[in-house]
> 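Structure incoming, see below.
Proteins come first, then strands; the chains are lettered A, B, ... in the order of their sequence lines, and each starts at number 1.
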Amino acid sequence: MGNASVSTSSVSIHAPEDRLRPRRVRVADGHLADALAGRAFLLLDGAMGTQLQAAGLEAGALPELLCLTDPGAVTAVHAAYVAAGSEVVTTNTFGANASKLGGAAGVGEVFSAAVACARAARPRYVAADIGPSGSLLQPLGTLSFDDAYDLFAEQVRAADAAGADLFVIETMADLAEAKAAVLAAKENSDLPVLCTMTFGEDGRTFLGTTPEVAAATLSALGVDALGINCSLGPDEVAPLARRMLGWAACPVVVQANAGLPSVVDGRTTYSIGPDEYCRAVGRMLEAGVTIVGGCCGTTPEFVRAERALLDAREPVSHVASSDFCVASAQRLVSLAAGEVGVIGERINPTGKRRLKEALRAGDHDYVMGEAIAQTRAGAEVLDVNAGLPEIDEPATLVRLVGELQAVSSCPLQVDSADPLAVEAAVRSYPGKPIINSTNGKASSLEAIVPIARHYGCALVGLALDEGGIPATAQGRADVAARIVRAADAAGIRRADVLVDCLTMAVSTDQSQGRTILEAIRLVKSQMPGVRCVLGVSNVSFGLPFRELLNATFLAAAFGAGLDLAIINPLNERLMDAVAAWRVVNAQDEGAAGYIGAYAGRAPAAGTTRAASSAAEPPAAGQKASPGDQTPERRAAELVIAGRRGPMPEVTEALLAEHDAMYVIDQVLIPALDEVGERFERGTFFLPQLMASAEAAKAGFETIRARSAAGSVPSKGKVALCTVRGDIHDIGKNIVRMLLENYGYQVIDLGRDVEPQAFVDCIVRNGIRLAGLSALMTTTVPAMAETIALLREQAPECKVMVGGAVLNPEYARMVGADFYAKDAAESARIAAEVLG
Amino acid sequence: MTGMVEDFDIPSVDRGEVLRYLGHAGQDIPPDLDARIDDAVARCMEVARPRGVTRVFDVDLPSSSPGRVALAGAALTLDGRDISAHLGGATAAGLLAVTLGIGIDRELRLLSATDPLAQVVLDAAATALVERAADAAEALLVGEAASRGLFANDRYSCGYGDFPLDEQRSFVSTLDAGRLLGLGLTPSNLLVPTKSVTAVLGMFGEPQPGMPALCPKCHCHDFCTIRATGRTCRG
């Protein structure tokens with residue numbers, strides 16, 4: 001665990017054709033089949049932990065071990081629920097994963113004993129209970145998706161071997177973890193899977209997932225039932241369950257707590273009894289919930305009351321929405337028929353020099369910046385493409401998709417021609433992504449459609465096939481029909497299929513404009529429910545003032561029925577067209593959004609916003625005052641004062657009279673040295689040092705933008721990371737900032753970095769100085785390990801270390817060449833090593 | 001198994017405290033920077049959701065030994081010379097876990113890519129805030145001690161002195177903080193969300209020497225539940 005490197009090892013557990021084959025569920029009997037089809041109620045059980053604690057279980061003890069040490073006590077709890085009318089009892093295995101058991105017992109023996117305890121109570125069905133791993137997954141935690149999958153897969157195989165009838169994956173707060181568990185269940189067993197998540201009063205899980213997101217994602221993943229457990233009392237859960245029903249194509253489960261807890265005389269008690277609980281459950285049954293039970297604080301009395309309630313009722317069917325929907329872990333993006341959405345196109349290296357460089361160097365912060373800027377500009381989905389011939393596309397795509405979750409709430413569109421890359425990326429994606437793309441070629445449909453179905457993705461199909469792009473609108477619609485048939489056959493819902501009719505340049509064939517619009521109309525009328533997606537900017541290729549043509553074509557395409565536009569959301573003219581269309585199609589209700597954004601706006605438009613989200617317009621009073629000062633002095637003073645706003649202007653003035661090297665060596669570096677000295681003397685504190693670094697950076701960026709590529713020489717490369725197991729990155733970020741300003745090219749591998757991944761980067765890039773950061777005594781050994789590996793595989797590379805717990809002795813002990821007590825010191829070390 | 005989760009209403013953090021975390025020692029702060037510090041602190045207050053759980057256990061004297069304190073009804077022993085000294089003579093122990101939630105981690109991550117200066121300031125503000133949340137949880141335990149006729153000392157956390165960081169795992173499970181607060185652990189026993197604190201304090205039959213003599217000087221002052229009753233934690 002704690003593995004930051006990307007591995008697709010678990011993907012290779014089964015051959016792809018095995019894993020992606022349509023799932024045939026093994027259902028114990030006809031009643032369970034009816035329940036999983038929503039035609040019959042299913043009654044689960046109530047709390048296990050509450051009952052065991054009442055019997056004297058210590059707080060913090062592993063209740064699962066009782067299956068081995070006191071099976072009679074566990075069976076007694078199950079038996080009480082069976083007697084009260086539970087059809088399904090859930091094994092006492094909530095925390096029975098290898099991580100939580102920690103060697104106290106084997107996963108196999110616990111499940112074997114737990115299923116036996118449950119069977120001994122003679123229930124109709126035994127559900128194997130699977131709870132969270134106890135560790136947070138990457139990117140905010142350190143557990144990798146594959147390691148989480150492995151923990152769950154071990155439980156799934158143990159439960160299946162022990163003779164369980166179904167799985168209950170429950171109390172999930174992290175959608176990534178829920179997905180790992182569901183995939184582990186689907187790929188290692190053919191038993192039915194129920195999956196429930198837990199929500200707070202704000203209607204979100206601890207990690208920010210809403211009921212809609214959970215339902216849309218889990219439903220697309222093909223679980224047999226989904227829902228809510230624990231969380232709150234039934235009255236608070238009821239509205240959340242209703243929100244799930246709208247997006248669930250399977251039965252919905254509710255296992256609420258017995259109201260809200262309070263501590264009376266040191267004991268936790270709950271606010272409501274069985275009757276009140278059942279009144280709320282009754283209202284949920286009316287809304288369409290069909291599988292119920294209880295969670296914390298519920299007892300056999302609650303189940304008995306629920307039994308009576310179910311016996312007196314018939315299941316009410318619910319209808320899931322047929323709207324288009326995709327989701328990140330935090331946000332559902334849905335479009336009813338006729339509504340339009342924006343997919344941001346900027347994370348695609350084609351024709352983007354800076355992005356290519358960033359991807360090659362592994363500098364993902366640049367990519368994160370692009371994502372943040374597009375999100376702020378109003379993109380609803382972000383396209384992610386890492387297709388560069390010289391990089392490992394599957395690994396890069398997986399890493400980007402992972403890291404993007406932490407900085408943008410937009411759902412992602414995984415954009416690759418390589419089925420391996422597509423599968424690796426969508427597998428670990430917490431949410432429901434779009435795959436971009438398949439097409440009408442038989443080979444593509446065979447490779448991509450099963451991936452979309454297995455992982456529950458929406459799918460873009462390009463209207464081209466073995467014969468190329470059909471010239472006519474009907475020709476494209478015919479290819480689209482083939483794609484839709486393949487998706488239909490795989491059971492992918494129509495609204496998850498997005499046809500791209502392919503934009504061509506009107507400068508080469510002017511009839512193409514109308515052809516594309518007509519193709520959209522044909523697809524929408526001949527294949528009801530299917531959606532259309534289109535990248536518009538090709539239309540203007542070879543013509544002047546392209547954004548005007550693009551915006552006009554975009555509006556026409558919306559008129560023809562386009563649902564999702566793949567555009568640059570930083571282009572205001574295009575976003576203006578989107579905002580205006582949303583008034584025309586009544587998506588922007590009462591034109592409130594339009595009025596809010598455009599009231600009082602001057603007619604001059606059509607500029608592209610700066611991509612850098614950190615860019616700051618010069619604020620009032622921040623103008624560089626021309627005065628009597630030389631530009632050299634002004635620039636130096638701005639750096640020392642930490643004022644980045646006026647720096648570009650002043651740097652331009654300097655460049656009008658001097659070359660780039662003069663400005664760097666005679667102006668910026670001396671100013672930074674001065675800042676470093678002040679920091680050393682204590683006349684500056686840390687934020688001042690950083691503000692100065694920002695101001696200098698603004699100067700460097702102006703110089704780079706003005707200079708031809710390669711004309712500003714780099715002083716050498718430095719690689720930085722926070723070591724494995726450590727998730728603190730602030731110190732490292734400050735060092736990076738300063739080193740970049742002194743003219744070094746910094747490759748920042750981020751935090752929680754595997755020793756071998758770091759060394760590989762050093763070797764690949766021929767790096768002579770490495771910087772390692774560790775903040776905790778517990779992660780210092782990982783630092784020593786990384787250095788030992790470096791000595792072995794890159795002996796010429798010098799190593800500096802820093803971080804709160806380090807000191808010169810510690811630095812020597814772990815084998816470092818240098819101890820950097822602060823960021824200013826790291827710049828001095830770099831000068832010593834690299835010059 | 002669920003206990004009670006408290007939402008803490010903490011309207012502000014002490015700006016001086018935030019500056020102290022930033023290494024400020026009286027330097028002049030330029031106005032631009034001053035405004036950015038204010039913005040980052042405000043953002044921290046907006047994103048953070050300070051919450052916590054507390055629980056009191058009697059000290060299990062027969063099962064305790066020199067260098068080890070056992071608690072009755074909890075699968076947790078507190079090992080080490082320092083924690084034993086801190087809890088020496090206590091009749092009960094109060095455990096707490098607090099967190100600002102995952103939103104702060106997400107914001108820090110976003111700023112790491114876009115604005116490292118703001119990241120540093122927000123990190124400092126969040127550190128100050130989570131300590132305030134721990135003060136609030138501590139105040140609940142001090143109140144609980146008073147209601148039992150006992151006197152609490154200060155909170156003590158894993159990783160202090162020879163009290164091992166590995167105990168973090170037992171704190172999380174004993175308080176059921178995974179389920180109640182969403183707390184997780186890394187393999188190196190760091191808490192995630194990162195702005196989280198666990199701690200333990202002792203409850204004694206006699207007032208403790210370290211107790212503040214004056215209420216306004218007490219770090220629990222703003223969250224005290226005892227003063228309103230006309231008494232103090234000193235009796």
> Would you mind checking which part of Ser170(B) comes under 4.5 Å of any heavy atom in chain A, side chain (CB onward), backbone (N, CA, C, O), both or neither?
neither
> Does any backbone or side-chain atom of Leu111(B) lie under 4.5 Å from a heavy atom of chain A? Answer side chain, backbone, both or neither.
neither
> Examine distances only and state if a side-chain atom of Glu58(A) and a backbone atom of Thr174(B) form a donor-acceptor pair shorter than 3.5 Å.
no
> Would you call Arg751(A) and Arg109(B) a side-chain contact if the rule is heavy atoms closer than 4.5 Å?
yes
> Does some side-chain heavy atom of Arg643(A) sit less than 4.5 Å from a side-chain heavy atom of Pro30(B)?
no
> If the condition is salt bridge (charged side-chain N to carboxylate O under 4.0 Å, His left out), which residues does Asp162(B) pass it with, not counting sequence neighbours?
Arg81(B)
> Under 4.5 Å, counting heavy-atom pairs only, tell me which of Asp729(A), Leu686(A), Asp726(A), Leu52(A) racks up the most with chain B.
Asp729(A)
> Between the side chain of Ser188(B) and the main-chain N/O of Gly725(A), is any donor-acceptor distance below 3.5 Å?
yes
> First locate atom CG of Leu180(B), then atom SG of Cys296(A), and finally report the distance between them rounded to the nearest 0.5 Å.
8.0 Å
> What is the minimum heavy-atom distance between Cys230(A) and Arg179(B), and which atoms define it?
SG-NH1, 3.2 Å
> For Ala406(A), which atoms come within 4.5 Å of any heavy atom of chain B: side chain, backbone, both, or neither?
both
> Nearest 0.5 Å, what's the CD1-CZ distance between Ile29(B) and Phe685(A)?
4.0 Å
> Under 4.5 Å heavy-atom distance to chain B, tell me which part of Phe94(A) shows up: side chain, backbone, both or neither.
side chain
> Identify the two heavy atoms, one from Gln688(A) and one from Asp28(B), that lie closest to each other, and give their separation to 0.1 Å.
NE2-O, 3.2 Å
> Of all of Gly56(A), Gly60(A), Ala59(A), which one pairs up most often with chain B through heavy atoms under 4.5 Å apart?
Ala59(A)
> Using non-hydrogen atoms only, which part of Leu689(A) is less than 4.5 Å away from chain B: side chain, backbone, both, or neither?
neither
> Does any heavy atom of chain A fall under 4.5 Å from the side chain of Leu190(B), the backbone, both, or neither of them?
side chain
> Rounded to the nearest 0.5 Å, what separation is found between the CG atom of Asn733(A) and the CG atom of Asp115(B)?
11.0 Å
> Could you look at Phe57(B) and say if it's the side chain, the backbone, both or neither that has a heavy atom under 4.5 Å from chain A?
side chain
> Could you tell me which non-hydrogen atom of Val192(B) sits nearest to which non-hydrogen atom of Leu136(A), and how far apart they are?
CG1-CD2, 3.0 Å
> Tell me the residues of residues 99-107 of chain B whose non-hydrogen atoms fall below 4.5 Å from those of chain A, in number order.
Ile102(B), Asp105(B), Arg106(B)
> Heavy-atom distance under 4.5 Å to chain B: side chain of His364(A), backbone, both or neither?
neither
> Tell me, do Met368(A) and Thr114(B) make a side-chain contact under 4.5 Å, heavy atoms counted?
no
> For chain A, which candidate among Gly184(B), Gly73(B), Gly23(B) shows the most heavy-atom pairs at distances under 4.5 Å?
Gly73(B)
> With a 4.5 angstrom heavy-atom cut-off, is it the side chain or the backbone of Leu117(B) that approaches chain A, or both, or neither?
both
> Once rounded to the nearest 0.5 Å, what's the spacing between atom OG of Ser112(B) and atom NZ of Lys732(A)?
5.5 Å
> If I take atom CG from residue Leu185(B) and atom OG1 from residue Thr142(A), how far apart are they, to the nearest 0.5 angstrom?
9.5 Å
> If you count every heavy atom of other residues, nucleotides or ligands that lies below 6.0 Å from Lys100(A) atom NZ, does the total exceed 12?
yes
> Measure Glu694(A) against the heavy atoms of chain B and call it side chain, backbone, both or neither at under 4.5 Å.
side chain
> For each of Pro687(A), Gly134(A), Ala61(A), tally heavy-atom pairs with chain B at distances under 4.5 Å, and name the one with the top tally.
Pro687(A)
> How many angstroms lie between atom CD of Gln119(B) and atom CD1 of Ile734(A), to the nearest 0.5 angstrom?
8.0 Å
> What part of Thr171(A) is in contact with chain B, defined as an atom under 4.5 angstrom from a non-hydrogen atom: side chain, backbone, both or neither?
side chain
> Pro261(A) and Met4(B): which non-hydrogen atoms are nearest, and at how many Å?
O-CG, 3.3 Å
> Side chain of Gln27(B), backbone of Gly682(A): donor and acceptor closer than 3.5 Å?
yes
